[in-house]
J.: 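Pasting a structure below so you can have a look.
Chain letters run A, B, ... following the sequence lines, proteins first, then strands; residues in each count from 1. Being a predicted model, the structure only gives us computed values, none of them experimental. Hydrogens, waters and symmetry mates play no part in the numbers below; they use all other heavy atoms, side chains included.
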Number of protein chains: 2
Amino acid sequence: MTGRAEALPALAEVFRAHGYEGASLALISRATGLGKGSLYNLFPGGKAEMASCVLEEIDNWFEHNLYAPLRQAERPAEAVSAMFDAVEAYFRSGRRVCLVGIVALSSERDRFGEAVRSYFARWVAALTEALQRSGRDAAASAALAEEIVIQIQGAIVLARALDDPTVYTRAMTALKARTAAG
Amino acid sequence: MTGRAEALPALAEVFRAHGYEGASLALISRATGLGKGSLYNLFPGGKAEMASCVLEEIDNWFEHNLYAPLRQAERPAEAVSAMFDAVEAYFRSGRRVCLVGIVALSSERDRFGEAVRSYFARWVAALTEALQRSGRDAAASAALAEEIVIQIQGAIVLARALDDPTVYTRAMTALKARTAAG
DNA sequence: CCAAGTTTGTACCGATCGGTACAAACTTGG
DNA sequence: CCAAGTTTGTACCGATCGGTACAAACTTGG
């Protein structure tokens with residue numbers, strides 16, 4: 001038996017590469033190496049369930065690797081810095097796209113609206129908390145947290161559009177410097 | 001005769017709302033009020049040609065209303081400020097999505113890669129020029145120009161994800177202030 | 001080792017996809 | 001006003017869509 005967990009990474013890549021509508025069952029089947037029978041055995045709810053599970057797994061990954069450390073760090077400034085590194089590695093400097101961001105921009109936002117909202121709201125909240133605990137006042141922390149998430153998402157867009165990952169790294173270097181200084 | 005020009009706004013909205021793959025000819029036909037006969041009469045190249053034309057029209061709009069003014073402004077600082085206002089109105093504070101950004105994130109980037117690249121490259125270049133002529137050095141101008149485009153794209157993503165246009169206006173207010181100050 | 005349960009591949013479903021063919025309905029020029 | 005050219009709606013094309021049915025192939029427990 002191959003469980004859902006084993007199929008999710010390949011599934012995620014298909015959705016990332018082709019979007020929800022563009023990810024046909026034929027592509028999904030090829031990418032996962034699973035026939036339709038197996039896919040519908042693992043995900044009785046079909047494509048919608050596959051996408052839900054992928055979003056959930058991504059959410060879990062971010063919660064565990066980024067949000068929780070930000071909230072609980074003893075040295076919050078270091079946690080923020082570690083987040084920048086983890087995010088850069090995860091999105092491969094903009095070569096890899098943010099699936100949750102794509103869903104937010106697409107017409108599937110309504111279908112997965114709450115998952116998308118929660119992912120970004122918790123990101124901003126965790127970052128706000130870390131920034132505040134590292135010595136900023138509440139308003140400045142909230143503003144900077146929002147700006148950081150915005151710049152990450154925007155840098156992915158621009159780096160991909162210009163097909164130039166240095167756009168991503170350059171923006172993040174400047175942003176990290178401002179975050180450390182502020 | 002209804003020309004291409006009259007059909008383009010409705011076409012653009014369909015592509016914005018559903019992406020390239022999700023924009024079926026049935027949706028396009030409904031949105032434009034044109035039957036297949038008319039659509040293929042206007043756009044013999046089918047969906048690909050429709051999308052090309054839409055991207056070209058968007059490009060023309062940005063070139064004429066944003067890039068050219070930025071490059072030619074006698075008072076470049078005012079041109080930058082006017083750009084912020086025009087962009088906020090165009091994207092309706094993030095309620096409306098950037099079609100070129102969406103294409104950049106999708107698998108259609110390869111099909112329309114050069115159009116996407118050029119749109120963003122010229123945006124950054126025009127902004128760099130205006131910032132430089134308003135008294136910044138070359139390096140600082142280039143960095144800030146890139147950051148502005150990044151924040152615009154990111155703010156659209158986050159505002160839509162959180163379903164909260166104030167995210168967009170808030171980010172832009174802070175960015176405008178920094179741009180004016182710098 | 002075999003029976004019961006699970007997983008898998010294949011064939012098939014109706015619906016819809018993008019695109020074509022083409023006659024009927026219009027518009028236009030003389 | 002009519003002939004020539006243009007535009008339009010409709011019917012249709014094969015391909016693919018997401019999803020279902022189900023028998024054959026496997027796995028597992030006793």
J.: Just jot down the salt bridge (charged side-chain N to carboxylate O under 4.0 Å, His left out) partners of B:E57, sequence neighbours excluded, or say none.
T.: none

J.: Which residues pass the ring-ring contact (aromatic ring centres under 6.0 Å, His included) test with B:Y119, not counting sequence neighbours?
T.: B:F62, B:W123

J.: What base-paired stems does DNA chain C take part in, with at least 3 consecutive Watson-Crick or G-U wobble pairs and both distances under 3.5 Å?
T.: C:1-30 with D:1-30

J.: Side-chain donor-acceptor pair under 3.5 Å between A:Q153 and B:Q153, yes or no?
T.: no

J.: Using salt bridge (charged side-chain N to carboxylate O under 4.0 Å, His left out) as the criterion, list what pairs up with A:R30, not counting sequence neighbours.
T.: none

J.: List for me each residue that meets salt bridge (charged side-chain N to carboxylate O under 4.0 Å, His left out) alongside B:R170, sequence neighbours excluded, and say none if there are none.
T.: A:E146, B:D164

J.: Which pairs count as side chain to side chain donor-acceptor pair (under 3.5 Å) when at least one residue sits in residues 69-81 of chain B, sequence neighbours excluded?
T.: B:E63-B:R71

J.: Report each atom pair, protein N/O against N/O of nucleotides 16-20 of chain D, whose distance is under 3.5 angstrom.
T.:
{"residue": "D:dC17", "atom": "OP1", "partner": "A:S24", "partner atom": "OG", "Å": "3.1"}
{"residue": "D:dG18", "atom": "OP1", "partner": "A:A23", "partner atom": "O", "Å": "3.4"}
{"residue": "D:dG18", "atom": "OP1", "partner": "A:K47", "partner atom": "NZ", "Å": "2.8"}
{"residue": "D:dG18", "atom": "OP2", "partner": "A:L25", "partner atom": "N", "Å": "2.6"}
{"residue": "D:dG19", "atom": "OP2", "partner": "A:Y40", "partner atom": "OH", "Å": "2.5"}
{"residue": "D:dG19", "atom": "OP2", "partner": "A:K47", "partner atom": "N", "Å": "3.2"}
{"residue": "D:dG19", "atom": "O5'", "partner": "A:Y40", "partner atom": "OH", "Å": "3.0"}
{"residue": "D:dG19", "atom": "N7", "partner": "A:K36", "partner atom": "NZ", "Å": "3.1"}
{"residue": "D:dG19", "atom": "O6", "partner": "A:K36", "partner atom": "NZ", "Å": "2.3"}

J.: Send over the distance from B:N41 CG to D:dT10 C1', rounded to a whole Å.
T.: 15 Å

J.: Can you list everything that forms a salt bridge (charged side-chain N to carboxylate O under 4.0 Å, His left out) with A:E56? Sequence neighbours excluded, please.
T.: none

J.: Nearest whole angstrom, please: distance from the P of D:dT10 to the CG of B:L39.
T.: 14 Å

J.: Per the ring pair (Phe, Tyr, Trp, His ring centres under 6.0 Å) rule, what does the pair list look like for residues 125-152 of chain A, sequence neighbours excluded?
T.: none

